[in-house]
Amino acid sequence: MREIVFDTETTGLSYSAGHRLVEIGCVELVNRVPTGRSFHRYLNPDRDMPPEAFAVHGLSEAFLSDKPRFPEICDELIAFLGDCPLIAHNAMFDFGFLNGELGACGRPLLLVDRIVDTLTMARTRHPGAKHSLDALCVRYGIDLSARELHGALLDAQLLAQVFIELTGGRQIALGLSVDEAARARGEVPVARSAARPARSFVPTPEELARHSAFMAQFDEPLWGSAASG
């Protein structure tokens, strides 16, 4: 099963209020195993960057000025997303911006039934707890050291780990391997080495003597009667 975990950064809180996407990051999972495939783009929003948004992600107007506009990356993004489930944290926020940009390009909108919201999942699984991405990473022991500011690709990578934990944890992949992720990318996996030979555990003469002395302490042991019967 293929799934896409994604995150966005924007100039503000609402597409309908004139705000735009400035970054999108996507991570591919197959059978809840990251395949290594990702999609990441910075976008020129053709507008100013409010200070409060810059404080969140650190993406300035100057940095974004030479980046592609959404219509330029639209086809590539649609191809990467495919028709699989789309996973995001507080998903309706990200879907609102994606559908706003897709609609402005005259493209079909993403269907709501593709949405998997990890915020809703976390609230159900951990009622009364904190449910931010940071809080969930701390809860599940996921390394946050690289996350100084919000970044769409990094946050999608972190969220992918959180999603795996929310849907059963790392133990669900015990029967899987890097080879399976390679096969999902259409690569030929490297052959594995032969199984390790069985070890031989032979007692020493001293161990056999101690065992015999120990067994001699028992008068009419039950296992002796069973053996003689």
Side-chain angles (χ1 to χ4, degrees), residues 1-9 21 23-43 70 73-95 97-99 101-102 107-126 131 133-134 136-137 139-147 150-195:
M1 178 178 66
R2 183 176 187 264
E3 297 165 304
I4 298 296
V5 184
F6 78 100
D7 185 62
T8 64
E9 300 299 336
L21 282 181
E23 186 184 9
I24 183 166
C26 309
V27 173
E28 181 186 64
L29 304 180
V30 173
N31 296 328
R32 304 284 160 79
V33 177
T35 66
R37 290 190 66 214
S38 63
F39 179 93
H40 179 227
R41 296 290 185 277
Y42 294 108
L43 300 166
F70 187 85
I73 61 97
C74 183
D75 289 341
E76 190 179 1
L77 174 62
I78 291 172
F80 186 84
L81 295 180
D83 58 1
C84 64
L86 303 176
I87 299 136
H89 201 64
N90 191 20
M92 292 308 297
F93 173 86
D94 301 282
F95 267 69
F97 273 92
L98 267 182
N99 275 340
E101 299 284 5
L102 288 168
R107 303 303 174 86
L109 304 185
L110 300 172
L111 300 179
V112 174
D113 61 6
R114 295 179 63 182
I115 297 173
V116 179
D117 190 351
T118 51
L119 179 58
T120 301
M121 294 174 65
R123 285 172 173 166
T124 300
R125 185 163 181 180
H126 306 296
H131 304 117
L133 180 57
D134 280 355
L136 290 168
C137 286
R139 172 181 288 275
Y140 291 124
I142 297 167
D143 184 11
L144 277 168
S145 59
R147 194 183 192 233
H150 288 225
L153 182 58
L154 174 60
D155 286 2
Q157 291 167 339
L158 294 172
L159 185 59
Q161 297 179 66
V162 167
F163 177 65
I164 290 168
E165 296 293 345
L166 287 171
T167 53
R170 296 185 182 96
Q171 67 268 23
I172 65 173
L174 285 178
L176 304 176
S177 67
V178 175
D179 287 355
E180 295 194 42
R183 284 195 292 272
R185 296 193 298 269
E187 300 171 1
V188 178
V190 177
R192 296 185 178 188
S193 58

Novice: Test H89 against every option in T120, L119, D7, L158 by the side-chain contact (heavy atoms from CB on, under 4.5 Å) rule and name the one that passes.
Specialist: L119
Novice: Kindly indicate whether a cation-pi arrangement holds for R37 with F39, taking the cut-offs as under 6.0 Å to the six-membered ring centre and within 45° of the axis.
Specialist: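 No, a cation-pi geometry is absent between R37 and F39.
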Novice: Quick one: closest heavy-atom pair of A122 and L166, and the distance?
Specialist: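 Scanning both residues completely, I find the closest heavy atoms to be CA-CD2, 4.1 Å.
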Novice: Can you see which heavy atom on G25 is nearest to which on A156, and at what distance?
Specialist: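 Here G25 and A156 meet closest at O-CB, 3.6 Å.
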Novice: Does a side-chain heavy-atom distance below 4.5 Å link L133 with D155?
Specialist: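 Yes, at least one pair of side-chain atoms sits under 4.5 Å.
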Novice: Does any N or O in the side chain of D117 come within less than 3.5 Å of the main-chain N or O of N90, such that one atom is a donor and the other an acceptor?
Specialist: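 It does hold such a pair.
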Novice: So, D83 and R114, do they make that salt bridge, N to O below 4.0 Å?
Specialist: no
Novice: I need the D143 CG to Q161 CD distance, nearest 0.5 Å.
Specialist: 8.5 Å
Novice: So how far is it from M92 CE to D94 CG, rounded to the nearest 0.5 Å?
Specialist: 10.0 Å
Novice: Would you call M121 and V116 a side-chain contact if the rule is heavy atoms closer than 4.5 Å?
Specialist: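 Side-chain contact under 4.5 Å: yes.
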Novice: Report yes or no: do E23 and H40 form a side-chain donor-acceptor pair below 3.5 Å?
Specialist: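 Distance-only check passes for E23 and H40.
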Novice: Could you check whether any side-chain N or O of E101 sits under 3.5 Å from a backbone N or O of L21, counting only pairs where one atom can act as donor and the other as acceptor?
Specialist: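 Checking the backbone N and O of L21 against the side chain of E101, a donor-acceptor pair under 3.5 Å is found.
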Novice: So do T118 and L159 actually touch side chain to side chain, heavy atoms under 4.5 Å?
Specialist: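 The answer is yes, as the side chains (C-beta and beyond) meet within the 4.5 Å cut-off.
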Novice: With rounding to the nearest 0.5 Å, note down the distance linking NE2 in H150 to OG1 in T8.
Specialist: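 It is 11.5 Å, given to the nearest 0.5 Å.
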Novice: Write down the atom of C26, the atom of I24, and the distance for their closest heavy-atom approach.
Specialist: SG-CG1, 4.0 Å
Novice: Are side-chain heavy atoms of M1 and V30 found at a separation under 4.5 Å?
Specialist: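 They are not in contact (no side-chain heavy atoms under 4.5 Å apart), so the answer is no.
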Novice: Before accepting this row, confirm whether a basic side-chain N of the pair E76/R41 lies closer than 4.0 Å to the acidic partner's carboxylate O.
Specialist: yes
Novice: Assess whether a salt bridge exists between R32 and E3, defined as any Lys/Arg side-chain N lying under 4.0 Å from an Asp/Glu carboxylate O.
Specialist: yes
Novice: Could you tell me if the side chain of P108 sits less than 4.5 Å from the side chain of L102, heavy atoms only?
Specialist: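 In short, these two side chains do not touch, never coming nearer than 4.5 Å.
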Novice: side-chain contact (heavy atoms from CB on, under 4.5 Å) for E28 and V5? Distances and angles first, verdict last.
Specialist: CA-CA 7 Å; E28 181 186 64; V5 184; over 6 Å; no
Novice: Would I4 and L29 count as a side-chain contact (heavy atoms from CB on, under 4.5 Å) if you check the C-alpha gap in whole Å, the side-chain angles of each, and the deciding distance to 0.1 Å?
Specialist: CA-CA 6 Å; I4 298 296; L29 304 180; over 6 Å; no
Novice: Taking the six-membered ring for Trp, are F163 and Y140 ring centroids under 6.0 Å apart?
Specialist: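 No - the distance between ring centres of F163 and Y140 does not fall below the 6.0 Å cut-off.
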Novice: Does L110 reach the side chain of F95, with side-chain heavy atoms less than 4.5 Å apart?
Specialist: yes
Novice: Check whether any side-chain heavy atom of I164 sits under 4.5 Å from a side-chain heavy atom of P34, and report yes or no.
Specialist: yes
Novice: Under 3.5 Å, is there a donor-acceptor pair between the side chain of N31 and the main chain of V33?
Specialist: no
Novice: Determine, stepwise, if the pair L98 / L77 fulfils side-chain contact (heavy atoms from CB on, under 4.5 Å).
Specialist: CA-CA 10 Å; L98 267 182; L77 174 62; 3.9 Å; yes
Novice: Any non-hydrogen side-chain atom of V27 less than 4.5 Å from a side-chain atom of F6?
Specialist: no
Novice: Measure from NZ or CZ of R2 to the centre of the six-membered ring of F80 and say whether it is under 6.0 Å with the direction within 45° of the ring axis.
Specialist: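 Yes, R2 and F80 form such a contact.
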